[in-house]
Structure formats: C-alpha cells, structure tokens
Amino acid sequence: MTYPDPPSKTILYDVMRKLARAIDEKGMPFAIIVGDHPVYALLLELKCENPVMFADILPFMGPFHIQMSFINAIYKRFKGSGISDVLVAAGVVADGSVDQALRGKHFNRGVRCLRLFYEAVVNHALDKRLEGSALSEEVQASLSKLRNSDDQKELNDAHDELESNAEIKMLVDSLFRNFEGAPHAEFWISFLEMVEILTQNIHMESGMFAQSMTGKPYSCVALDIWIESTMNKGSKLKSGWLAILKNEKQLLSNTRNVNNINRIRACVHRHGNYTKQGSREHADCSPTKMKIDEQAVQDSSACLTEFQCDPFDQSDQTLRSLQSGIQASETLQADLVSAKADGEQKVEEFLQERVYSKTKSLNFRIPQSKRGNFATQQIEKAGSENLKQKTEEMQSKGLATIIELVDASDGLNMKDVMQHRVTDECLSIFNANGTMRKTQKSKLQEKLTMTAVPYPDIYVSIVDMGLIWRLTTPTPEDRETTDGKKFTWSDYAEKLVSFVLNRHRSAEKIILVNDSYEQGFSIKDSERLHRQKNQAVRNVFIKGEDTFPSSRDFHALLGKPANKVRLQTFLQTAFRNRASTATAEVIYCVVGEPAKNLTTNEVLPHLTCFHAEADTAMLTLYGILRSQGYSEPVVLDTEDTDNYVQAAYVAHQTPGILCMKRKSQLIVASGLCDERMAQSLIAVHVLTGCDHNSGYYGVGKKLIFDRLDKSEGAHGLLRSCGTALPVTEEILDDLQRFVIQFIYCDTGHETLAEVRAAKWSVLKKKRIVRLIPDSDSLRHHLERTNYLTYIQKNYQLQTHPSPIGHGWHLTNGQCLPVRHTQPALPSSLELPTSDLRGDSSDDSIGSVDSDSDSYGSCSDRESASDNRES
C-alpha cells in the first residue's frame, strides 16, 4: 500500500491484523505483504512482536527498494574513495546531486553513475593492458559491428564471434590476473564485482518473471513490483486506505492466492513470448544517449590518469583515495579486507541458527554491523606534518554546526565570520589532508579547435620524453622475443629509439626534452610528494645485457629520482649510437643542463633552460629556434593540456607555423583559438586548476571557458594576470572579481565575506566545500596563478624566477604551496567547547585549533587555544 507519508506502526498493525483474518477465512497457506524500506522495517518489527498472530504473513521488501538498499551498501563501502570526485570532474553528475545519486536516493542517476564508473575502471584497465599493442583486424571488425550496426542478426553474429575468439578470451583472462595481495587493485575489483551483481539484478534476462503493464517490451516489470502496484488501488489518499481498513474485501481481491498466481504466470509466459516488432527503441539505447555515455566513460578514465591514481598500477598498490591520494590506515585496510569474509560468516550463522537448526527464531533481530570507509577514518596531513585530521565530510559537518550556532547568535555577524577559513583546510581548493584539489584539465581541449594539417616535408620536432617513456612501456608481446632470449635493457632502448625516429621520419632535427631530477627544489615537489610511495625503492644500475624488469618493478624503480637520472643517461647513450645513421639530427636536452647534439657531439649551451619542468622548456626552445631565424614548421610532440594552452598563446605571439602532434594528426596551434581567447587562456587555465595549482570543487573548465568566451568583461579582468612579478594588488583585485563573478556567479556582492555569507544563506545542504574560498586562502591561490601565468607568457625566459614568495614556501627543503597564513576562525569567536566534541576527545568534530601547520603571521597554537577558551 502506498501513502503520502510513511504509515505509522498502528496503521500497519491494523492492515496485518485484517490480512491475518483474511488468511483464516479464505484458508490460504500464507500471504505476502510488500512494502518499501521504512514500511518493511516496521512490518518486521510487528512480526517479531506478534510471531503467533502474524505467522502466516511474509513481509517482503519490493525489488526496487532492494536495489536501492544495495546501492546504498556500495556507497557505504566506497564512500570517500574518490568516486564522487571523478564523476563530478568528468561532468557525469553535478556536485550537488552526486552524493544522493550514489546513496541510491536518485535511482536512475545512481545506477548510471555506478555503471559509467564501472565501465571507466574496466576501460582504464584495458587501455593499460593494450598500451603499445593493438587488437587483430578480425577483433576490431567485430567490435565495430557491435558498436555501429543496427541489424539484430549482425549484432548476434558479432557477439558470438567475440565470445569464441581466443584472443579475447586470453585478454579477459589476463586483465585482472596477478593482483592477488595487491590491496589497491583488490579494493576496486570488489567494486566491479558489486556493480556486476547490481546490474545483473536490474537487467531482466530470459526466463525471469516479468509482466508488461502497457503491452510494450520495455514496460515489463518484476512480478513482485506488479503485485505491489495492484495493491495500490485507492490507497494514494488517506480516505483510500481508511476505506480498505473498513472493508477487507478490497484487500482480499488483490491477495496472492493460488489462482491469482496461476493467472499471473500465464500472463507472464504470454508476454514473454511477445514477438511484435516494436518501432520505438528505449531511450537509453538511442545513439545520442550512447554517445554521451561513451564520452562520460572516456572522461572518467582520463580523470583516473590525470589524478595519477591508477587502480591497477603494479608499482604502487598502496590503498588510497583517487583524487586526494589519502592513504588508508592499517585499521581501515583490515576492515575492508575482512568485510566479505565477515559477511559470509554472518550468513552462515543465520542459516545454521535460524533455518537449519531452528535454535533461534527467524524473526529475531540481527544487530547492525558497522564497517569503516575512507570518509570515517582519521588521516594524516600531507608532507612532514603529522597531525591527525578528520576527513572532509566530517570536518564540513562539524564546522557547519559551528556556523549555524554563529548564525543564530545576535552578537555575531555572519560576514565577519566568513572572512575567515572555518575548516582546518580551505576545502574548496584543497583536500582534507592538505593536497591540492585536482581537476580534469583535459576537458579544456574539447573547447579548442583541432584543425588537422598534413605533415610538412621538413620540420623540427620537440619531443616530451616523459610521454615517450609512457608510450614505450614493454608489452607482454615485446617480452616474448623470437629467439627465446630474455628481454633486456638494450632491447628496451632499441624499441624506444626506433619509436621516436619512426614517429618523426620527415624531421630534420629532433630535440628530446627531459625533466630534471637533480634540482634542489621546484614547484613539482608537491606533486612528487603526492605520488610518493611508502615502500623503499632500491638503486638500479642499468646495464644493457641485464634482464629488463617486470612492469611492476620498472614503475617501482622510477619512484626514485636517482634511477630516473641513470635511465636518462642510458637512453642518451642509445640515441648517440643511432644518431650517426639517423636521417634527423638528434639533440638531447635535460632541464638545467647544457643540451648536447648527439649527431655532431657538440655541446649547445644556448639551449640550456633552468625551468621546473620540461613542459615550459619545450616552448622556450621553440622561441630560441625562431629567434635564430628558423622559418620551417615546428612540431611539439606532447599530450599535456598545459602545453596546448601555452602553445595557443605562443603561436599568436611568434611568427611561424607551430603544430601539436595529437596521435597521428598534426594540429595547428594558432587555430586552437582566436587571438582574444589566447590572451586569456593561460590565466583561466591556471586559475581553474593545472599541474601546480588547485581547481575549485565542482567547477569544470568547459563551463568557465564558455562564460569567458561570452563576456568581454571577463577578458578584461584576466588581461593583467601575469604582467608583473611580484603580483600587485590591482592584479589580485581583478582576479578576485573574476572568481566571484564568473566562477561563483555572484554579481551582487563585492567582498569574499559577503559572497560566502550570501551563498551559505541559500544553500539547502550546508556544505562548506561549495563556498568560495576565504580571502586568506584565495590570495595565495591567486599569487600562484599570477606566477604560473607570468612564466608561461614570458616563454623566452631561459631562467625562471624562484617561486618562493609567490605562493610557495620552503618546508624541510621542499617547495610546497602556501595554503593559508591565518587561523581558521577569528580569535574573538566564543563558542561553548562542550557542544563541539564528538564521542571522544581524539575525534572532536568541531575542533577549531589555529593551524599548527600554518605559515607566516599565524599566531602560535597556545595563544589561539587561550583565545578560544576565553
């Protein structure tokens, strides 16, 4: 029965009592009563309290609500693991809806989110498995038919061919093999298993009981849902269910007795043999919908790559969240690993005690078992800091309570409080452990115009060696040599050198650009710290005749900078050995070191760049070539979005043809966007999240690009960014106004405090993460934006200015971003400390310690503590 509000226990008792009387009068062996989740809980409670009276009544939760409960179970296990961050960054679902969708409250969106993320994880694993190798033409043809054909017979034939294909079987068998004992991979494989169970129950297979409500195949619903719907007659309103209570004959007419079951079974079989060809297809099968979902899968998979948290990376199997990289504690790891075994044990105990031996009644209550997840564990701050913190959700929830107390107070102004950070970290741009909030920067490439041109006869190629390392990772086929010998380091070097030379056959000069791993400090320190592995990495001294390590060991050795330096030297020797016979002149560059012409054995000091990374050095080398009078086209061989953005600007500033190699095509850099957009593109890209600056929670690059493209005022606010170093107050004011007006869409307020207070007042769900950053945190973010824009716009600089004092500072010899310099709340704020404590002193939700990890003019911890307790 369905009610506008969940029915009370008294009403359900009357319904069950009348149903029990109907069972006695009609001589029925049993009766099933179906309810939603809250009703089902009350039905079980009533049955436990009255086991004799309601012995023949079987409460049953509707299949729809069973699915919702299972979705919620998936949500509880994987909460805080980064699924929501990936889905929001990929544009699959809005940040305000992702939590409700994954909890099962928005059923259709929840199922779509889980299925798309499932496909993204599998797609990511396939891409990694097939990297450097290709499927056979036969398999590719069958896959093409399966994707593009509309003919049912052709689809069935393609499916059968793939099922019987030995290559596909081997690929599927080896895809998730060798991950036993790898906690990160096993954790996400358990996600795949749970989603498979969910989707198998949702999709109706042949032979499942289902009844068509309208005569169309897609309107078939599960039998129990159909029975539930037949019992809804007259029960939508209060008068309806009161009439049913007064006249039980209405209830008897919809009760599942033997005759009704037989009639329903006959109807199910009749509709199960439905042969009419429908002219309309389901909305989820339409080409437009499928293309949207395919793009969402690709974007989600790209997020996993850009967040640098591959679930199946053999070199680092530390269990951690996807976006923030928060590592699971030993307690959490043990809890996650034991969850399945504990559940199986509970089921076995249930069957032995209540089904087989009857030592306990089937209706006795079962105590709820609470499991841990990433959202409920305590975490440690990033870097050298060792302060235990709550996860983002618990901080937001506890400190939201503080703001509500302040908002209800007559003596405190909300705007005064909102001038300050109200959490230990500014959650809009940082994660709870102090790491930068990542964004999917590759989405910006979708807004750029990719105009392909033919390969020129003569050109110079500038190659990102980091990309080449990734593309030439040896595949299982490479390791199976024809002569039966082991795959050695010399074989790897030969493959890499041949790959580069064949990739640029027409180039007259190839410049290979490498990152430096011997700098004292750089702005990449925070990124490397984020990817740092817990296990010790041994020193590897590379010799050509030595056996090449496994994929896992190879990626593990790259976790040590000294090993990367030795690998660069080894590959330089390999290129030198081939340079004399190569048609192109080969120049080998390492950032911070003089470049070397391997063909002529000359040292080229004029190509030396003292930069933090190879990305900016590539455009500097391009500027040097043009300044020396080189007029032929130049090709940048890179896939990084940062390079595309900077190249779009440089192409409009320097004469000559600059192209980007995008897979097998060449893209003209000057055609990526017009000159007006090129002037603002670097600033808006850096401001909304790049390798060295954080993004904003729930804000995508494509949306900001569209707003920028439509507003001349937005271009005016970004025009001054990167024109001066150190940053001026005028530049900071312009950038702050851009953030307020075009990122957070508030044109009615001027100051950040006003914007934060106004936003808080209209939020239905009080989540601090959705507020604009506070003035202190945003200032340092804008300083980093100006610095990064400055060094990219001034691409002619061969020596970059130090980042220290421009949004970064030195901590234990590492260059880390300044997150804040002021305490979290004003020292004059007086709140009762007893209201802010959780269940224990260690887990205080409302802790507002002035940050012992803050920098600059922040007062020390003890004085702030005294101010709080005054």
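Computed from a predicted model, the values in this text were never measured in an experiment.
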**OP:** Work out which heavy atom in Arg437 is nearest to a heavy atom in Val769; give both atom names and the distance.
**Re:** NH2-CG2, 4.0 Å
Original post:
Does Ser694 use its side chain to pair, donor to acceptor, with the backbone of Ile429 at less than 3.5 Å?
Top reply: yes
**OP:** Mark yes when over 12 heavy atoms from residues, nucleotides or ligands other than Glu446 sit less than 6.0 Å from its CD; otherwise mark no.
**Re:** yes
Original post:
What pairs of residues pass the salt bridge (charged side-chain N to carboxylate O under 4.0 Å, His left out) test when at least one of them lies in residues 338-347, not counting sequence neighbours?
Top reply: Asp342-Arg371
**OP:** Quick one: closest heavy-atom pair of Arg819 and Gly434, and the distance?
**Re:** CD-O, 3.3 Å
Original post:
If every non-hydrogen atom of Leu87 is compared with every non-hydrogen atom of Cys113, which pair is closest and at what distance?
Top reply: CD1-CB, 3.7 Å
Identify every side-chain donor-acceptor pair in residues 101-108 under 3.5 Å, counting partners at least two apart or on other chains, and give the distances.
residue, atom, partner, partner atom, Å
His106, ND1, Arg109, NH2, 2.9

Subject >> Check against salt bridge (Lys or Arg N to Asp or Glu O under 4.0 Å), Lys441 and Asp640 >> reply: CA-CA 9 Å; Lys441 60 182 185 179; Asp640 198 331; 3.0 Å; yes
Subject >> Distance (rounded to the nearest 0.5 Å) between Leu114 CG and Glu196 CD >> reply: 12.5 Å
Original post:
For Lys524 and Asp515, what are the C-alpha separation, side-chain angles and deciding distance, and is it a salt bridge (Lys or Arg N to Asp or Glu O under 4.0 Å)?
Top reply: CA-CA 10 Å; Lys524 299 193 73 170; Asp515 278 316; 3.5 Å; yes
Original post:
Atom CG in Leu558, atom OH in Tyr517: separation rounded to 0.5 Å?
Top reply: 8.0 Å
**OP:** Look at the side chain of Asn643 and the backbone N and O of Asp615, then say whether any donor-acceptor pair between them is shorter than 3.5 Å.
**Re:** yes
Subject >> Polar side-chain atom of Gln333 near backbone of Leu319 as donor-acceptor pair, under 3.5 Å >> reply: no
**OP:** Examine the side chains of His685 and Lys701 and answer whether a donor and an acceptor come within less than 3.5 Å of each other.
**Re:** yes
Subject >> Centroid-centroid distance, Phe117 to Trp188, less than 6.0 Å >> reply: yes
Original post:
Any donor-acceptor pair under 3.5 Å linking the side chain of Asn563 with the backbone of Val540?
Top reply: yes
**OP:** May I ask you to test the Phe70-Ile197 pair for a side-chain heavy-atom distance under 4.5 Å?
**Re:** yes
Subject >> N/O donor-acceptor pair under 3.5 Å between Ser84 side chain and Gly80 backbone >> reply: no
Subject >> Residue list, side chain to side chain donor-acceptor pair (under 3.5 Å) with Lys447, at least two apart or on another chain >> reply: Asp706
Original post:
Under a 4.5 Å cut-off applied to non-hydrogen side-chain atoms, are Met68 and His65 in contact?
Top reply: yes
Original post:
Quick check: does any side chain N or O of Ser144 sit under 3.5 Å from a backbone N or O of Gln140, one acting as donor and the other as acceptor?
Top reply: no
Subject >> Whether Phe191 and Phe78 hold their rings parallel, tilted or perpendicular, with breakpoints at 30° and 60° >> reply: perpendicular
Original post:
Any idea which heavy atoms bring His692 and Glu613 closest together, and the distance?
Top reply: NE2-OE2, 3.1 Å
Original post:
Between His781 and Tyr696, does a ring pair (Phe, Tyr, Trp, His ring centres under 6.0 Å) hold up when you go through it step by step?
Top reply: CA-CA 11 Å; His781 178 79; Tyr696 298 87; 5.2 Å; yes
Original post:
Under the 3.5 angstrom rule, does the side chain of Glu167 hit a backbone N or O of Val139 as a donor-acceptor pair?
Top reply: no
**OP:** Spell out, as yes or no, whether a donor-acceptor pair under 3.5 Å connects the side chain of Ser300 to the backbone of Ala296.
**Re:** yes
Original post:
Taking all atoms of both residues into account, what is the closest heavy-atom pair of Lys443 and Ala89, and its distance?
Top reply: CG-O, 4.3 Å
**OP:** Indicate whether the side chain of Glu161 and that of Asn165 have a donor and an acceptor atom separated by less than 3.5 Å.
**Re:** no
Subject >> Short side-chain to backbone donor-acceptor contact, Ser321 and Gly82, under 3.5 Å >> reply: no
**OP:** Decide yes or no on salt bridge (Lys or Arg N to Asp or Glu O under 4.0 Å) for Lys438 and Asp85, but give the supporting numbers first.
**Re:** CA-CA 9 Å; Lys438 296 289 184 179; Asp85 296 312; over 6 Å; no
Original post:
How far does CG of Asn431 sit from SG of Cys426, to the nearest 0.5 angstrom?
Top reply: 11.5 Å
**OP:** Measure the CD1-CD distance between Ile74 and Glu193 for me, rounded to the nearest 0.5 Å.
**Re:** 11.5 Å
Original post:
About how many Å separate CG of Asp299 and CG of Leu304, when rounded to the nearest 0.5 Å?
Top reply: 11.5 Å
**OP:** Assess the side chains of Asn373 and Lys76: does a donor N or O sit below 3.5 Å from an acceptor N or O?
**Re:** no
Subject >> Gap between atom CG of Asn123 and atom CG of Leu116 - 0.5 Å precision >> reply: 11.5 Å
Subject >> Non-hydrogen atoms of Val88 and Gly698 that approach each other most closely >> reply: CG1-CA, 3.7 Å
